[in-house]
Each structure stands twice: as structure tokens, then as C-alpha cells.
Amino acid sequence: MTVQDKDIKEVLCSEQFLKTKIQELGAAITKDYAGKNLLLVSILKGSIMVMADLMRAVDLPLQIDFMNVSSYGAGTETKGAVKILKDLDVDIKGLDVLIVEDILDSGVTLHSLINLLRQRGPASIEICTLFSKPSRRQVDVEAKYVGIEIPDAFIVGYGLDYAEKYRNLPYVGVLKEEVYGG
């Protein structure tokens, strides 16, 4: 048991389960994007582990890039205002853009991001998210690729954080309410 494990109420997804889901997503993306000019865009910091494993699970030539977009800060609730901390380095005009996310929660951040990226002339924009919380959606945003729909619980691990901690857990767990004041 690690020091961080004591803050976890329950393990939602084991390390092996995550590997299996990423492989399934990679196979679907490989099939759908065959012959296309694919750019995976990782939304930092949360999707870093998803991106690292997913790009290896996609059996196609592809490009990658990163954005850091935030609407949370150090809290657990979206603030509604989206801030771009790091923009793309790649010109996406004519590319098939697949946004890689750790979790699709309120949808506020992705809705704003998609509107911004559409103005840059990509051939297509889709979303791949490991986790989706449809019960929390505030705007109409859907992912083409979803690993798993989850209940309305505050989860951490495998890139997901609370106050920049717990990202390094190899599994995804539900954080104890007393840790974040829930």
C-alpha cells in the first residue's frame, strides 16, 4: 500500500482494466482513421498517461501535440472560464484532429476548445476520452470514443488529480470525501 492509497475510498478501475480499455480505443481509432492524416492532441495535464498509452495502441502513422487548457484551477468544480495555458505547435489546417482527454465531465472546457480549433480549418475534430460523466454535462459535447461511463464521483489516478496530486497512481480510484471536503 502506498502513502496515497490511504486517501482512496475504492478502486474504480484497475491497472489491467485501464490497459484493456486503452487497447480497445486504439483498435477503434486505428480502424476509423486508416488513410487519414491523424493528429492526436493531448489536453494536459490529466491526459498525459492516456495519451502515452493510446498513441502506442494506435497502429497508424500519426502526429501528436499538446495543449494545456484549464477551467478548474485547484478545485473540484469547473469555473466556466476556459484559459489556454499552452497552445498547439502544429498547424491543424486539413488535419484530422482527435482530442485526447482523461475525463469528459461538464463539457465546458471541451466545448470552448472545439470552437477555437474549428476556426483553424481542420478536416475533422473528434474527442477520445477515457472517462465520461454524462450526469455532470453542462453543454452538449459528446465523445466519439469513450472508454467507460462513470458515476458522479471524484476520481483520481492515471493522470487525474486533485490539487495536482494523485496523478501517478497506476489505477483510478474514488477519492475520500474528507480529502477534498466533499
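Since we're looking at a predicted model, the values are computed, not measured.
More than 12 heavy atoms of other residues, nucleotides or ligands lie within 6.0 Å of CG in Asn115, so this atom counts as buried by the packing criterion.
Remark: Arg56 pairs with Asp53 by the salt bridge (charged side-chain N to carboxylate O under 4.0 Å, His left out) rule, at least two apart or across chains. Under the salt bridge (charged side-chain N to carboxylate O under 4.0 Å, His left out) criterion, Asp96 pairs with no residue, sequence neighbours left out. Applying the side-chain contact (heavy atoms from CB on, under 4.5 Å) criterion to Asp91, with sequence neighbours excluded, gives Lys93. Remark: Glu15 engages no residue in a side-chain hydrogen bond (donor to acceptor under 3.5 Å, both in side chains) (not counting sequence neighbours). Partners of Glu177 by salt bridge (charged side-chain N to carboxylate O under 4.0 Å, His left out), not counting sequence neighbours, listed by chain and number: Lys9. Scored by the side-chain hydrogen bond (donor to acceptor under 3.5 Å, both in side chains) test, Asp87 finds Arg120 as partners (sequence neighbours excluded). With sequence neighbours excluded, the residues that form a side-chain contact (heavy atoms from CB on, under 4.5 Å) with Ala57 are Ile22, Gln23. Under the side-chain hydrogen bond (donor to acceptor under 3.5 Å, both in side chains) criterion, Lys133 pairs with no residue, sequence neighbours left out. Residues satisfying the side-chain contact (heavy atoms from CB on, under 4.5 Å) test with Ile125, not counting sequence neighbours, are Val97, Ile99, Ile114, Leu117, Arg118, Pro122. For the salt bridge (charged side-chain N to carboxylate O under 4.0 Å, His left out) test, no residue two or more places apart in sequence or in another chain qualifies with Asp140. Partners of Asp5 under the side-chain hydrogen bond (donor to acceptor under 3.5 Å, both in side chains) rule, at least two apart in sequence or in another chain, are Thr2, Tyr171.
Here the side chains of Leu25 and Leu130 are in contact, with some heavy-atom distance below 4.5 Å. Side-chain contact between Met51 and Ile64 is present, with heavy atoms from C-beta onward closer than 4.5 Å. Asp89 places none of its side-chain heavy atoms less than 4.5 Å from the side chain of Phe66. Side-chain contact between Val100 and Val41 is absent, with no heavy atoms from C-beta onward closer than 4.5 Å. Considering only heavy atoms from C-beta on, Val139 stays 4.5 Å or farther from Ser106 through its side chain. Leu110 has its side chain out of reach of Thr129: every pair of non-hydrogen atoms, C-beta onward, lies at least 4.5 Å apart. The shortest distance between side-chain heavy atoms of Lys144 and Ile127 does not fall below 4.5 Å.
The structure places CG of Leu12 at 6.0 Å from CD1 of Ile148, a figure rounded to the nearest 0.5 Å. If you take OG1 on Thr30 and CG on Leu60, they are separated by 4.5 Å, rounding to the nearest 0.5 Å. One finds the CG atom of Asp102 at 8.5 Å from the CZ atom of Phe131 (value rounded to the nearest 0.5 Å). Within the model, atoms CG of Leu169 and CE of Met49 stand 8.5 Å from one another, a figure rounded to the nearest 0.5 Å. To the nearest 0.5 Å, atoms CG (Leu54) and CG (Leu62) are separated by 8.5 Å. Distance check: Thr109 OG1 to Gln138 CD gives 9.5 Å after rounding to the nearest 0.5 Å.
Here the closest heavy-atom approach between residue Gln4 and residue Lys165 is recorded as OE1-C, 4.5 Å. Closest approach of Ser14 to Val11, counting heavy atoms only: N-CG1, 4.1 Å. Residues Glu149 and Pro134 approach most closely at OE1-CG, 3.6 Å, considering heavy atoms. Scanning both residues, Ile155 and Val174, for their nearest heavy atoms gives CG2-CG2, 4.2 Å. The two residues Val141 and Arg137 come nearest to each other via the heavy atoms O-NE, 3.2 Å. Considering all non-hydrogen atoms of both residues, Lys176 and Ile8 come closest at CE-O, 3.6 Å.
Under the 30°/60° scheme for interplanar angles, the aromatic rings of Phe154 and Tyr180 are found to be tilted.
Residue pairs that meet the side chain to side chain donor-acceptor pair (under 3.5 Å) test with at least one member in residues 31-40, sequence neighbours left out, are Asp32-Tyr145.
The hydrophobic cluster containing Ile48 also contains Ile103, counting ILVMFWY residues as joined when their side-chain heavy atoms lie under 4.5 angstrom apart, directly or transitively. Taken together through direct or relayed side-chain contacts under 4.5 Å among Ile, Leu, Val, Met, Phe, Trp and Tyr, Leu18 and Val156 form parts of separate hydrophobic clusters. When hydrophobic clusters are built by joining Ile, Leu, Val, Met, Phe, Trp and Tyr residues whose side-chain heavy atoms come closer than 4.5 Å, directly or via intermediates, Leu98 is grouped together with Val50. Tracing side-chain contacts under 4.5 Å through hydrophobic residues (I, L, V, M, F, W, Y), one reaches Leu116 starting from Leu104; they form part of the same cluster. Under a hydrophobic-cluster definition in which Ile, Leu, Val, Met, Phe, Trp and Tyr are linked whenever side-chain heavy atoms come within less than 4.5 Å, directly or via other members, Ile43 and Leu39 are assigned to the same cluster.
Listed for the Asp65 side chain is a donor-acceptor partner under 3.5 Å among the backbone atoms of Val90.
For Tyr166 and Asp7, the side-chain atoms include at least one donor-acceptor pair closer than 3.5 Å.
Salt-bridge check for Arg136 with Asp152: passed, with a basic side-chain N closer than 4.0 Å to an acidic carboxylate O.
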